[in-house]
Asker: 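Mind having a look at this structure? Questions to follow.
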Amino acid sequence: MRKKKPSQEYRQHLLVCAGTGCVANRSFEIKEELEKEISKKGLQNEIQVITTGCQGFCERGPIVIVQPDGIFYQRIKKKDIPHLVEEHLLKGRPVMDFMYIPSPEEQPVPKMMDIDFFKHQRLIILRNRGRLDPENIEEYIGFDGYRALEIALTQMTPEKIIREVKASGLRGRGGAGFPTGKKWELCRNEPAKIKYIICNGDEGDPGAFMDRSVLEADPHSVIEGMVIGAKAIGAHKGFVYVRSEYPLAVKRLRIALKQAEEFGLLNENILGTGFNFNIEVVQGAGAFVCGEETALIASIEGRVGRPRQRPPYPSENGLWGKPTNINNVETWANVPMIILRGAKWFSSIGTKTSKGTKIFSLVGKINNTGLVEVPMGITMREIIYDIGGGIPQGKEFKAVQTGGPSGGCIPKSLLDLPIDYESLTKAGSMMGSGGMIVMDEETCMVDVARYFLNFTQEESCGKCPPCRMGTKHMVYILDRITNGIGSEGDIELLGSIAKNVELSSLCGLGQTAPNPVLTTIRYFRDEYEAHIKEKRCPALVCKALISYLIDPQLCGGCTICAKNCPSNAITGEPKKAYTIDQAKCTKCGICITVCPPKFNAVKKVSPAIK
Amino acid sequence: MISITINGKRIRARKNETVLEIARRSGIKIPTLCFHEDLTPFGGCRLCIVEVKGKKMPLTACTLIPEQGMVIKTDTPRLRKLRKFTLQLILSEHPNACLICEREADCANFQECIKKSAVTFGCKSCPQNDNCELQNLVRELNIKTIPFEFRYRNLEVERYDPFFDRDYNLCILCGRCIRTCEEIRHAHTLEFHHRGPETIVGTAFDLPHLESGCQFCGACVDVCPTGALRDRFGRYDKPPEKSVKTTCILCSTGCAINLNVSNNKITCSTPHSNQICVRGRFGIAPLVSHPKRITKPLIRKEGQIVEVEWQEALEFAAAKLQQHKGRTGILYSPQLTSEAIDKLYSVADFTKAKVAIRTSNDATPKPLKLNEIKGRSVFIIVNTDMIADFPVLFLKLRKKFERRALFIAIDAVSRDREFAHITLNPKPGTELDLIESLIDTKKASRKSGLHSAEIKHAKKMIEGRRVYVFYNADNFHFTKSGKSFTTFPLHSQINSLKIATFGYDGSPEILDDSNLECLYTIGVAPMLHNKYKTVIVQDCFLPDFDFDIFFPAATFAEINGNVIDIEGKSKRVRKAIEPMGKSMSDEEIIATLAQVMQVKLKRPVRRTPAKARSRVRRIARKANSLQLIIRENTHVFRNKLLSEIMKGFDLMRHDRHIWMNEKTAKKHKLTKGMHAVIISLHTTLEMPVKISPSVPDDAVLIFYDPSMRIDENLPVRLECTKS
């Protein structure tokens, strides 16, 4: 292996994104190829290639950033690399072809900080993403890492730390938004001698990958936060519970823990202050419900991940009966900055009740899919249009689902909603862990409700009838509605079951599972009514309610659709209009995909043709 | 003490009392389903939810420990609506035909409804009809409609295990069975499988209960609120007319049980207050009304056995006893009541008969005084399967001493005794050496064949603890005495202490006495190897040998009397039904016999016990010989093994088999089910073979009952016979 030179001797660094998304897109191969090419050109002593955590702009991966120029290259393929190295690194001419272009009519944007996606973000939690190698603690330390720990352990008392976190206004980023400082204080005030802290990295929401990215990109920020928290609360043992579906995060975390220990930042006599604290990694086993704190605790204890009634809360009676403080990955990652830069600075960002920034995973029908960190109070419109680049193919925005299966849909009319805990809850949704699924005119809201309810149904632990069976009956009703056999009164029945499930369920899963149904009924009742009364799906999604039709005026008889139809349902004569046999059609959608754009003759219609 | 307000009423509460407990003792009704006062709260059924001022969501009363000044409401319109909703959800999965049928009031036992099926579709075809907590709640909350689709589970009723059926179509997932099995019985047989709507209760890997460690104690059946778990014997019996508290005499623990009676028949036996075991729970009712039970006196006339009246039988017996005066042997079981035994000795004295009890327990039984156990202790349990032989006693030991006692099992047989913290498997016959080396700090024995690390570890754990040695005296002979430990010999038959206290002891070599002409057995089935002129049998079931007179005895469910249990406490046996047929209690039979013989019944007098024959425990090893390990078969009812008369019990135990491990079987070319003969110095014993890894190498194991004749613990040869 090449001996590494100290970084300042290199004239340029190439930061290759190695978050899970880009890794799946072969970014490790890109790195190897870059190193090979650089070596070939004899530049290995001048240019260093490192892998970093997720850059956030997942839509455009694999990503390579050239520093200190700040040039942003996207969608890099292995074959692009010789050209890139030759042109940019050897000859100093950045390659326009590989840069980000917002739309075909516009100019390429060379610098990362000029790109809309990045321009509007404010990186605090993700401050280190994309600029350091997460498997090298020295780089973290080089960027002021562990300075906050030093301050906390040597200059602050536990009470002072808690006061600072309280004053910052930091609220739990896992979903419920409970004031973090207050939570720490409750745990600190328990008289028991043994206490535990836990980092909840279970992140079960479909489409959410904020915690994963933090753990992959900057695991030390979480570790530092946990040590500070342990000092404040008086705990000497911590656990990071990561879901098994995040092997890269687990790997980076373990490396980080080992390095922290080697540097005297973990285990015994941390920084020579006599404070002992160590962290163990525990992996989940595929249950969404284990993100719920009491189920998570049961899982760490080796028992079945079933929640129990609270009170008593974990801060009083948690892991093995001891006072336990659980916080989300993102919450812990905020702590070092609060201690380093002060509560006053932190509370200057955000709204009156929701301070600091929040990471959102922007997915769905959006141009710039990826991970964004923005200050609280930013509007939905800014995120979706300024950062997200709007809806692809010029379609109409319809709604955005926030908070995953526990959250709700925010419609177009609320696009100017400033994002904070209270406003989202008032709108019927919730902040949740930060998932943001954007939907356009081609998304059926009834289907969305059914999708989320199906998910919570499968993940329900089964202990209490309201969640176990209440959500099941809601799914039955939604299945009927999307299958065209909904009846009058179904919407009211759904609404009443939803309310009852919300109030009588044992844990947060059941209590929030009805939210998608409740918000879609609230804002998109017309779609429900269309499904039930007219047997029509306005978004043309529900298979039982749509038919595929070839417009005889537009069809050019090119035979492509007939050749591709898997059920042989399309017949006709070449150069004449083709027809679809509705009895045979399975509504797979292949014909619409293969029909040449110059004809665009296949249409979906609803209600279905008999 | 704190004070809270429930429904406007101020109530004082102790620390750590839940709202439900407070409400129950204050007469405030809160509906529950998953709650049980002996179990940790589950909070799953959501019926006990209450509204707490200042909290947005209702909270379950069973888990809520109130704070000072809490204001609670237990019965608001919102709560009623939510409870109704929850019950309706439960009913959408639970066969509810009768609960919401508008003709329920008219329905008189299957007459109205055209649906007659073997499947439980509603209350009328459910064993728990009118005895079901779900039914009661539905009626109380006045639920008349279910606005949900019915989706029943369509599972087959599980009937492949003995004693009780499991119809999980009726299960409401309250978890009481699971928590009972885990927290109270520590058998850990049941758990929820899967999650969400697929959740169902089951055993590990869905194995039959027989293979999952289930002890068939019936505790789960007793706590099930619906008809999901139910007794097989009394399935469709209505709630009993009366319930009689009595004592189970099937072992020395003497548990208090209730005998439930309907139509002068025992329908089932249930625990009275504490736990009981499979024998007392499922064995008694079928035993009392067993088809093979004899309820008429019999005598041999001209070579034929005929039914006669009591008078004739008694006179015949009296004449014979007179005839064989001085040359009679009486063998009786301690399962008799104290009164019967006392009277028996009067008759015995008169006829100058030699008397013996069923077991030759050569360690004189002494009362088990648990309050002698003090401080940090270690219980060394030797050669005794506590779970099979003393389950309820063990539960008591565990509950009382869990915090301060370490359990160590020493057993040559069975690799792992689940009930112990440490299990040691020494070579058969070396148990005493091992115990000595554990207790005595200087000694270190190598004979046991255990690793020195294992012994060292055990010794370390014992350090600083008081040592108590528990053992079944029929399985192990403890010859040491000393100040550093206390022994608790356990006897398995009830009333053994009565016999010991009165010096009624006597060993059964009377069976070897060839001078005896007459044998009178009461509740015992010995192996006869002498020819007797007269054999009198007093029992419930026919013996395997020829007899001349048979007195039908009543079971303990049909008599009154007293017995003494393992702790020395006197317990009352109470009559629940009239003796069946012409049977009479042992006491009455003996008293009437005495009357016929004109014997005056004397007050019981303490006697000096006959010197007990000490069992030879030499371990001599000859080439090609096997060690014979004998364990007592404690599961008997009078002259029958429970596995002979209690259907299903034979599946739990394999009595009258020769047990060996795979290696031994291979060496002797034996396979399971083949018959083999154990050949000893004086005796042979032929029985089918059973393979088990628990038996050590070069050894065979048998569970001894009096029908066998074997020289204890002498080396034996094994031969195979044509099966």
Side-chain angles (χ1 to χ4, degrees), chain A residues 285-290 294-295 303-312 316-317 425 454-477 479-480 489-490 492-494 496-513, chain B residues 16 18-19 33-34 40-49 51-52 55-67 70 78-79 81-94 146-151 172-175 178 182 191-201:
Chain A
F288 173 72
V289 72
C290 281
T294 55
R303 298 185 291 117
V304 179
R306 256 180 236 130
R308 59 157 177 82
Q309 176 78 59
R310 302 172 300 166
E316 190 191 321
N317 181 336
T425 312
N454 238 328
F455 176 80
T456 39
Q457 244 273 292
E458 277 183 16
E459 299 292 333
S460 162
C461 81
K463 191 163 160 175
C464 70
C467 174
R468 176 179 84 228
M469 289 193 272
T471 53
K472 186 156 84 139
H473 285 286
M474 285 203 283
V475 170
Y476 292 154
I477 297 172
D479 275 340
R480 282 209 314 266
D490 271 350
E492 287 72 24
L493 186 58
L494 264 181
S496 88
I497 297 177
K499 264 269 143 234
N500 288 338
V501 169
E502 196 184 331
L503 285 172
S504 42
S505 288
L506 187 147
C507 80
L509 194 156
Q511 286 159 7
T512 56
Chain B
N16 294 331
T18 63
V19 171
L33 267 180
C34 71
T40 57
F42 193 55
C45 72
R46 316 306 294 169
L47 286 174
C48 68
I49 42 174
E51 297 201 21
V52 179
K55 301 257 193 258
K56 178 175 154 225
M57 303 290 232
L59 299 171
T60 46
C62 62
T63 58
L64 182 62
I65 295 181
E67 290 163 2
M70 222 178 217
R78 183 169 92 150
L79 288 174
K81 184 180 79 143
L82 291 174
R83 288 178 190 145
K84 187 168 165 177
F85 169 71
T86 301
L87 268 178
Q88 286 172 328
L89 279 176
I90 294 175
L91 289 175
S92 73
E93 225 177 28
H94 182 106
I146 301 168
F148 305 117
E149 281 180 47
F150 300 163
R151 296 248 185 145
I172 56 166
L173 301 172
C174 68
I178 296 170
E182 190 173 311
E191 176 55 86
F192 287 117
H193 285 214
H194 315 299
R195 64 174 184 225
E198 308 299 314
T199 310
I200 196 74
V201 177

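Every chain is numbered from 1, with letters handed out A, B, ... down the list of sequences. What you are looking at is a predicted structure, and each value in this text was computed from that prediction instead of being measured.
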Asker: Pick one of side chain, backbone, both or neither for B/Leu89, based on which atoms fall under 4.5 Å of a heavy atom in chain A.
Answerer: both
Asker: Can you tell which of A/Glu459, A/Arg308, A/Gln511, A/Lys499 has the highest number of heavy-atom pairs within less than 4.5 Å of chain B?
Answerer: A/Glu459
Asker: Taking C-beta and beyond as the side chain, do B/Phe85 and A/Leu503 meet within less than 4.5 Å on heavy atoms?
Answerer: no
Asker: Only counting residues at least two apart or in another chain, list the ones meeting salt bridge (Lys or Arg N to Asp or Glu O under 4.0 Å) with A/Glu316.
Answerer: none
Asker: What's the spacing between A/Glu502 CD and B/Lys56 NZ if we round to 0.5 Å?
Answerer: 6.0 Å
Asker: Output the option from B/Lys55, B/His194, B/Glu149 having the highest count of non-hydrogen pairs under 4.5 Å with chain A.
Answerer: B/Glu149
Asker: Among B/Thr63, B/Leu64, B/Leu87, which residue forms the greatest number of heavy-atom pairs with chain A at distances under 4.5 Å?
Answerer: B/Thr63
Asker: Mind listing the closest non-hydrogen atom pair of A/Leu506 and B/Gly43 along with its distance?
Answerer: CD1-O, 3.0 Å
Asker: So which residue, A/Gly470, A/Cys467, A/Ala287, A/Ser504, ends up with the most heavy-atom pairs under 4.5 Å with chain B?
Answerer: A/Ser504
Asker: Please report the shortest heavy-atom distance between A/Gln457 and B/Pro197, naming the atom on each side.
Answerer: OE1-CG, 3.4 Å
Asker: When you compare the side chain of A/Met469 with that of B/Gln88, does any pair of heavy atoms fall below 4.5 Å?
Answerer: no
Asker: Heavy-atom distances under 4.5 Å only: say whether B/Glu198 touches chain A with side chain, backbone, both or neither.
Answerer: neither
Asker: Out of curiosity, B/Lys81 NZ to A/Ser496 OG, how far, rounded to the nearest 0.5 Å?
Answerer: 7.0 Å
Asker: If you measure from CZ on B/Arg83 to CG on A/Asn500, what distance do you get to the nearest 0.5 Å?
Answerer: 13.0 Å
Asker: State, to 0.1 Å, how close A/Pro465 and B/Gly44 come at their nearest heavy-atom pair, and which atoms those are.
Answerer: CD-O, 3.2 Å
Asker: With only heavy atoms counted, which part of A/Arg468 is less than 4.5 Å from chain B, the side chain, the backbone, both or neither?
Answerer: both
Asker: What part of B/Arg78 lies closer than 4.5 angstrom to a heavy atom of chain A: side chain, backbone, both or neither?
Answerer: side chain
Asker: Can you tell which part of B/Leu79 gets under 4.5 Å to a heavy atom of chain A, answering side chain, backbone, both or neither?
Answerer: neither
Asker: I need the A/Cys464 SG to B/Leu173 CG distance, nearest 0.5 Å.
Answerer: 11.0 Å
Asker: Does any part of the side chain of A/Pro312, heavy atoms only, come nearer than 4.5 Å to the side chain of B/Ile65, both counted from C-beta?
Answerer: no
Asker: Taking side chain as everything from C-beta outward and backbone as N, CA, C, O, which of these in A/Ile477 sits under 4.5 Å from a heavy atom of chain B? Side chain, backbone, both or neither.
Answerer: neither
Asker: Could you look at A/Val289 and say if it's the side chain, the backbone, both or neither that has a heavy atom under 4.5 Å from chain B?
Answerer: neither
Asker: Below 4.5 Å, heavy-atom pairs only: which of A/Cys461, A/Pro307, A/Pro311, A/Gly305 has the largest tally toward chain B?
Answerer: A/Cys461
Asker: Just give me the residue among B/Ile49, B/Leu82, B/Thr199, B/Leu59 that pairs up with chain A most often, heavy atom to heavy atom, under 4.5 Å.
Answerer: B/Leu82
Asker: Do A/Lys463 and B/Arg195 come within less than 4.5 Å of each other through their side chains, counting heavy atoms only?
Answerer: no
Asker: Does a sphere of radius 6.0 Å around CD in A/Glu492 hold more than 12 heavy atoms from other residues, nucleotides or ligands, not counting ones at 6.0 Å or beyond?
Answerer: yes
Asker: Just to verify, what does B/Glu93 make a salt bridge (Lys or Arg N to Asp or Glu O under 4.0 Å) with, not counting sequence neighbours?
Answerer: A/Lys472, B/Arg153
Asker: Could you tell me if the side chain of A/Arg306 sits less than 4.5 Å from the side chain of B/Phe192, heavy atoms only?
Answerer: yes
